[in-house]
S.K.: 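I'd like to ask you about the structure that follows.
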Amino acid sequence: MFLVTTRFLLIMTHITKAYKSCQNKNLPLPAYVKQGDFIIGGLIPVHEKTVKLTFTFKEKPSNRTCEKVCSPFYAMHVFIFLTRFYTEKYQYVLAMLYATEEINRNPFLMPNVSLGYEVYDTCYSDAAAIGSVMSYLSGKQTGVPNYSCNSAPPRLAAVVGDSPSSGSVAVARILGLTLFPQISYASALPSLADKTQFPSFLRTVGTVDSQPVAVVKLIMHFNWSWVGILASNNDYGNQGSLKLQSEMNNNGICVAFAKTLSTPPSKENLDDIVSVIRKSTANVIVLYAYATELIALLQSVTEEKIVGKVWIAVGSWIPSAVFTQKDLWATLNGTLGLAKYSSDIPGFGHFLYSVHPLKYPKDIFIKEFWAYVFACKWLSNNTVSSLYGTNATICTGNEDLTKLDSSVYDTKNFRLAVSLYNAVYAVAQAIHNMIFCESGNGPFFNGTCTDVENFQPWQLFYYIKNVHLVTTGGERVAFDEKGELKGLYDVLNWQVSPDLKGDMVKVGIFDDWGPKGEKLVLSKNAIIWGYKYTQVPTSVCSDSCLPGFRKAPREGEPFCCYDCIPCSDGEISNQTDVTDCVRCSEDQWSNDNRVKCIPKMIEFLSYDEPLGIALSSISSVSSLITVSVLFIFIWYRDTPLVKANNRNLSYLLLVAILLCFLCSFLFIGRPLSITCLVRQAVFGTIFSLCVSSILAKTITVVIAFSATKPNSSLRKWVGSLIPNSMIFFGSSIQTIICTCWVMLYPSSPELNMKVSKGIITVECTDSSVIFFYVALGFWGFLALLTLVVAFLARDLPDGFNEAKLITFSMLVFTSVWISFIPAYVSTKGKYMVAVEIFAILSSSLGLLCCIFAPKCHIIILRPHMNTREFLADETTSVPKISNTKVFLLRGLATQSTVVQESTQTGCRLEKQTIESFFKEGDFVIGIITLVHSTIFKPFVTYLEKPPLSSCEGFLIRYYRDVLGAIFAIEEINQNINLLPNLTLGFDIFDSCISESRAIQATMKLLWEKQTPSNEQNSEMREPIFAGIVGDSMSSLSIPIARLLGLCSYPQISFGAFDPILGDRNQFPSFLRTVPNEKIQDNAISQLLKHLGWTWVGILTRDDDLGELAGQHLKDEIVQNDGCVAFLEKIHFRYSLQRFREILDAIMNSTAVAIVLYCEEMHVKPLFEMMSTQSMQAKIWIYTLGFTFIPGVFSEGSSKLLNGSIGLVLHSEEIPGFSNYLQTLHLSKEPNDIFIKEFWEIAFDCVWSTNISVSPLLDSRTVCTGEEELGDDMSSVFELEDLSYTLQAYLAIYAFAYALHNLMYCADERQPSESLMCLKEKVLPWKNKDEIPYRIPASISGHQLLKKNTNLIKLTMNDMCR
């Protein structure tokens, strides 16, 4: 034990010595430095990428360097001179040099003050960008964040860069902590405009928000409506393509396909994209990616000989080295693109020709640039010579830059170089304004100015943000409230001439400052469309619909894909591509081509058409016949047959039948007011008179023959009284009905537009259907009564009996009118009138023929039968009607009714103002996790020192995770077999779901020392920082991992699931105790498949990680034969309107199962809204990030979640943890910054120091500190689910075992050949290496460490049960 103690003290001595310097032992980063009174930092990606490192952690990790040799992947392709060195990016370096020299020569700008620069090559690497900015902030080329190691001026002014948006985001999060000014000259990511996340970020380029508008205007200008999108798999590509898709949808342009280009592109990814391009009918494809990501894709497209595609390049890669690859020219010919507006920099073109290695010997890029553009090698530069082989010529320095082709060295187009030039001038103008500020008129408190010798970063940022200047090139620089400039773009066209010379030609301009409708100006004649097209190509899913047709969307396809359907009758379209045909006015109709409306034909039953002629002819002939019969009866009025038939009634009946024939003329011809008014009334009255006469005639016959019987009581009724009364009775009632009908509901002519297509029917209004059927029903009743009476007269003598004739006439009459009703109802227009006329004529002819035809036959043709003797004979000899005939009559009758401030020289500590819960120990483990749900950031004016942010929304569930980690540390410190004689301490920070706060905590842990609280123990050794446990969220773990990766400090997250964190190249020192989301996605898709759910909705959080995670889950579901009904992004910061849109999408969808791929706080507002709606029951499937925290959801929301199903981490009891929680008290941990807030929530009390209102208004009791948790502990801490607490507990134990193995390593079991166990000091990367290493059998660690903590188990949630 003595030897161990001695060895440890010796190690501590070395460590203390090592920590006394502000610098680490990494080699200095290469930089192009020019000294000055003020130094501008430059971040420019001159090379394509960094060398991929292999981290074994058995030796010290080497520095990141830029790759300068040809990689095997690209070596397989045709081109050899891959763009590892970008001449156009080097032009940005020269632009900074030129601007600086120009400013230093200007006696009116920063007089007597010089401006310098410090340029770093970021190699398109976020980690390299972070390392570069750390070196710049440290004042030396070895990065020590939070330290400024300058012993004297120069003073750091601002950072100009980075070019890619991802690098700018990483740098902006760090610079934003102290509001250090940053101006990007190329980053167009929309989220960088968020001043909450990036408070000190500005840019001299238009945003991605303006680029989609410009691209859509360009697409609309050429009438393209079917466009493909290819985007890189990063923030720039993802956010840019989403903005473009949204803008396209708003302007009626469809997305044929939207594919993601992986970084770097894999063969499978390239094959998939090339296959989609080949099969797609879209001829226009927008490329939202960087040049480095497109070379392989375009090479694959060229190899597949895909032609006829028009590529639209968006800012980031036009112009670029892509266009220097001549084997791609056939594919790229005709490419259109938007590039930063190329304004002139006076004198810069001449300056570009004047650069030389001898003129600028400190330029670390110039020799490589020289070797690249002249394809030569410097004898002293073996790395460069290997790029061109042994046959390359020797660089002499006498080569002439003026002889280079513009595709290799462009000295005319300064697009992004202008942006960098403007950024340098903005900083210079701000420094000038700051220097010449007049005291009393300054912008700060009480009109003060800043101390130029010791200014704060936020003070200079104020001046930069309020700069207004016009550069020497005539370009205006003025930042808006988001720190951006308006979008101004050149429209470029890549043209390859027949003699194989390529040129980037400016064919137009897009000016966001321009008036609406005039922002895009193009010269169509200057555009060349490539080899396949001689005119503007088309790119549509469906051809235009001609006039007379409309677009009918195809089911399941975008709205630009449609079929052309002819317009319906009565509708027209006189333009192309109309969605809906226009209906003609009521008096018009569409022509045969459906292109114009023509007047409708006027229709009525006229005398000129065949049907009208036929009916009028029948009516006329029938009237003549009736008149002839009447004439015959009058002529033969004295004959026995006429007398026997009651000639007066016969005359009346014949007149009534004649009037029936004549009334049909009221229905023929164009309806007039008088005819419409009287025709139905006249028709009803005449028919009632007719039927009443037949009834009277029948009764007269019955009475006459019955009265001849002896003692008959009917003798007194013989005479004309009965028939006359019946005629009067029948006709009078009908007359009254018709009179009321005409008076109450007078009919009039109307134009009916709806009867027939293209026809206006002139008809009389159906004034009252009820009266019509009442009138019809009355004389129908008379007809049936007549039929019955005639049938009862069957026993009368047949020779003189009219009963048979009347019976058959009534059968015809009733049959006609019974069949008339359905025929009348089922017809429209003039045919309805024709049916009524036909019924009138047929029923009248039936009466005329059945009753009078036999009599006329006897009178005219058989006069011998018209004698009294003959009639008397027939009366006595005719037998009775047989029973068969009676039965037949019955049947017929039946059928007809059925930073800390300091002016001292040397290193000064810029303290991070963030509170933490610190406890001493030999080794200190940093713990970063969220304890509060939101962070409040006050408004920053930059006129005074920015106030501190604060956290809100205390969550006990996350505080429990903190306590789990503390419990593990106390348990370890009490374990004599684990780290004996050594103690673990901790430093706990609350991230409040804020990336900037997580970075702030990380930087404080890395580079600020904690002072021991026991002042008496002055010789206590300084604690060693071991690593970080946390964060529990992926979005926060990523920035922490980027910082820790700079010096390979270990990090163990207990809740970050994002798969990207598994990339060892980006996050070399990151570990986690939970599975990544790919495993979760597979588990969810298998669960859905098992339950037979193939139609699923997804809600994912609205950030980059959430979007990618949701898309990956969607792909996983599709691969398992499922379909995604909708994929909606959600965030708790959304507006109510956006939540309503999401709610509508859920309610309108038929999907019952919905996956919640987000945290509970994001969906809480949505569930509150749903609890007030009546909607179809949904089954919610929650993921690992979703936890049920008591009190988060209301009772109504909890009912909606009842029966939900999901995935949770494996959870089990932590022995002793419950007892530990029972002993929790303020007196036990007085430094605990969270416990008082926990105490208020747990006991519903308030500390007297926190009472902000009158005690009378606060119903809570005052906290005394004497409260005890007792049995309520389980419900307060929600001990049923300790999954995340268990992971935090295990992460602490992992650190403890790693430190134990590191401290007690035997030389024969050393992990590294270069390091003999632990002899000098604890290095962070060694600790990282030990974490996944062995656990000696002699150490009795907790049994939980031997269990699979990555087990996912399925649980059912029933919050209401």
Side-chain angles (χ1 to χ4, degrees), residues 188 190 206-232 237-261 273 276-277 279-289 308-316 318 334-338 487 489 491-493 507-508 510 512 514 516-522 524 527 529 533 535-545 549-564 575-580 1126-1127 1141:
T207 68
V208 174
D209 285 336
S210 61
Q211 285 183 357
V213 175
V215 172
V216 169
K217 293 294 183 185
L218 183 65
I219 293 172
M220 295 174 62
H221 184 83
F222 295 109
N223 296 320
W224 295 327
S225 60
W226 188 236
V227 180
I229 300 175
L230 295 179
S232 57
N238 292 328
Q239 294 189 26
S241 63
L242 288 175
K243 292 284 185 182
L244 177 60
Q245 291 181 53
S246 176
E247 192 69 27
M248 289 169 62
N249 289 333
N250 293 338
N251 288 275
I253 303 170
C254 293
V255 179
F257 60 85
K259 302 295 290 184
T260 299
L261 184 64
I273 293 175
V276 171
I277 294 174
K279 294 177 182 178
S280 177
T281 58
N283 293 324
V284 177
I285 301 173
V286 181
L287 298 177
Y288 244 112
K309 303 296 182 183
V310 177
W311 308 93
I312 297 182
V314 182
S316 59
I318 184 168
T335 296
L336 286 176
L338 295 172
Y489 301 99
V491 181
L492 304 180
N493 181 218
V507 295
F510 177 83
D512 212 9
K516 188 175 182 180
E518 300 179 12
K519 298 188 178 205
L520 179 66
V521 179
L522 282 178
K524 287 187 178 180
I527 300 175
W529 295 107
Y533 303 107
Q535 56 184 5
V536 178
T538 60
S539 185
V540 294
C541 181
S542 301
D543 292 331
S544 295
C545 291
F549 293 82
R550 65 175 178 86
K551 297 191 296 186
R554 297 173 186 167
E555 187 175 356
E557 297 186 30
F559 60 85
C560 293
C561 299
Y562 50 82
D563 296 316
C564 293
Q575 297 178 350
T576 58
D577 290 334
V578 298
T579 304
D580 297 305
F1126 60 84
L1127 196 163
E1141 293 173 359

S.K.: Rounded to the nearest 0.5 Å, how far apart are OG1 of Thr538 and CG of Asn223?
M.R.: 10.5 Å

S.K.: At what distance, to the nearest 0.5 angstrom, does CG of Asp577 lie from OG of Ser544?
M.R.: 3.5 Å

S.K.: Set out, in order, the CA-CA distance, both residues' side-chain angles and the distance that settles side chain to side chain contact (heavy atoms under 4.5 Å, CB included) for Ile253 and Phe559, then state yes or no.
M.R.: CA-CA 9 Å; Ile253 303 170; Phe559 60 85; 6.0 Å; no

S.K.: Among Leu244, Asn251, Asn250, find the one that has a side-chain contact (heavy atoms from CB on, under 4.5 Å) with Met248.
M.R.: Leu244

S.K.: Mind checking side chain to side chain donor-acceptor pair (under 3.5 Å) for Asn283 and listing every partner two or more places apart, or none if nothing turns up?
M.R.: none

S.K.: Could you tell me which non-hydrogen atom of Ser539 sits nearest to which non-hydrogen atom of Val284, and how far apart they are?
M.R.: OG-N, 3.4 Å

S.K.: Let me see the working for Cys564 and Cys545 under disulfide (SG to SG under 2.5 Å), right down to the final yes or no.
M.R.: CA-CA 5 Å; Cys564 293; Cys545 291; 2.0 Å; yes

S.K.: Considering all heavy atoms of both residues, which atom of Phe549 and which atom of Val578 are nearest to each other, and what is their separation?
M.R.: O-CG2, 3.3 Å

S.K.: In the structure I gave you, are the side-chain heavy atoms of Leu338 and Val314 within less than 4.5 Å of one another anywhere?
M.R.: no

S.K.: Using a 3.5 Å distance criterion without hydrogens, assess whether the side chain of Tyr288 forms a donor-acceptor pair with backbone atoms of Ser232.
M.R.: no

S.K.: Please examine the side chains of Trp226 and Val255, heavy atoms only from C-beta on, and report whether any two atoms are closer than 4.5 Å.
M.R.: no

S.K.: Do Cys561 and Cys254 have their SG atoms less than 2.5 Å apart?
M.R.: no

S.K.: Would you say the side-chain atoms of Arg554 pair up with the backbone N or O of Tyr562, donor to acceptor, closer than 3.5 Å?
M.R.: yes

S.K.: Take Arg550 and Thr579 through the side chain to side chain contact (heavy atoms under 4.5 Å, CB included) test and state the conclusion after the steps.
M.R.: CA-CA 5 Å; Arg550 65 175 178 86; Thr579 304; over 6 Å; no

S.K.: Between Phe257 and Ile273, is there a side-chain heavy-atom distance shorter than 4.5 Å?
M.R.: no

S.K.: Going from OG1 on Thr335 to CG on Leu287, what distance comes out if it is rounded to the nearest 0.5 angstrom?
M.R.: 8.0 Å

S.K.: Please confirm whether the backbone N or O of Ala282 pairs with a side-chain atom of Lys309, one donor and one acceptor, at under 3.5 Å?
M.R.: yes

S.K.: When rounded to the nearest 0.5 angstrom, what is the spacing between CG in Asp563 and CD in Glu557?
M.R.: 8.5 Å

S.K.: Given Trp311 and Val286, is the side chain to side chain contact (heavy atoms under 4.5 Å, CB included) satisfied, shown in steps?
M.R.: CA-CA 6 Å; Trp311 308 93; Val286 181; over 6 Å; no

S.K.: Can you tell me how far CG of Leu520 sits from NZ of Lys217, rounded to the nearest 0.5 angstrom?
M.R.: 8.5 Å

S.K.: So, Trp224 side chain and Pro537 main chain: donor-acceptor pair closer than 3.5 Å or not?
M.R.: yes

S.K.: What are the two closest non-hydrogen atoms of Phe510 and Val491, and how far apart are they?
M.R.: N-CG2, 4.5 Å

S.K.: Say whether, by atom type as modelled, one donor and one acceptor occur between the side chain of Ser241 and the main chain of Asn238 under 3.5 angstrom.
M.R.: yes

S.K.: State the CD1-CG distance between Ile285 and Leu230, to the nearest 0.5 angstrom.
M.R.: 6.0 Å

S.K.: Is any side-chain heavy atom of Trp529 closer than 4.5 Å to one of Val536?
M.R.: yes

